[in-house]
Amino acid sequence: MALDFDLARTALVVIDVQDGIIRNGVTTPNDGETVIARNNELAAVLKNTSAQIVLVRVKNDGTEGMNPVTDAPH
């Protein structure tokens, strides 16, 4: 199914695609490898267009930061 987007008003926002989150085995409805592949596919299609690609990494370090299990060393 083809979708029609106004690329000047389109953004791909990728939030916290980090090993501890993607490879923890609990992503749903897709596994981590599928999420990464789909993000890469979307970014490749949108690259060099008027769409915005935004990568967000939430960094929680310091005494005020949270320390979820996903941030633990492997």
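What you see is a predicted model; the values in this text were computed from it and never measured.
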What closest approach, in Å, do A43 and I53 show between heavy atoms, and which atom pair accounts for it?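 Where A43 meets I53 most closely, the heavy atoms are O-CD1, 3.8 Å.
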
Minimum heavy-atom distance S50-A8, with the two atoms named: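 Taking every non-hydrogen atom into account, OG-N, 3.2 Å.
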
[atom2] on [Y] to [atom1] on [X], rounded to 0.5 Å:
X	Y	atom1	atom2	answer
E41	I36	CD	CD1	14.0 Å
L55	N39	CG	CG	8.5 Å
L46	F5	CG	CZ	8.5 Å

For the hydrophobic clusters of this structure (ILVMFWY residues joined by side-chain heavy atoms under 4.5 Å, transitively), does one cluster hold both V45 and L12? no

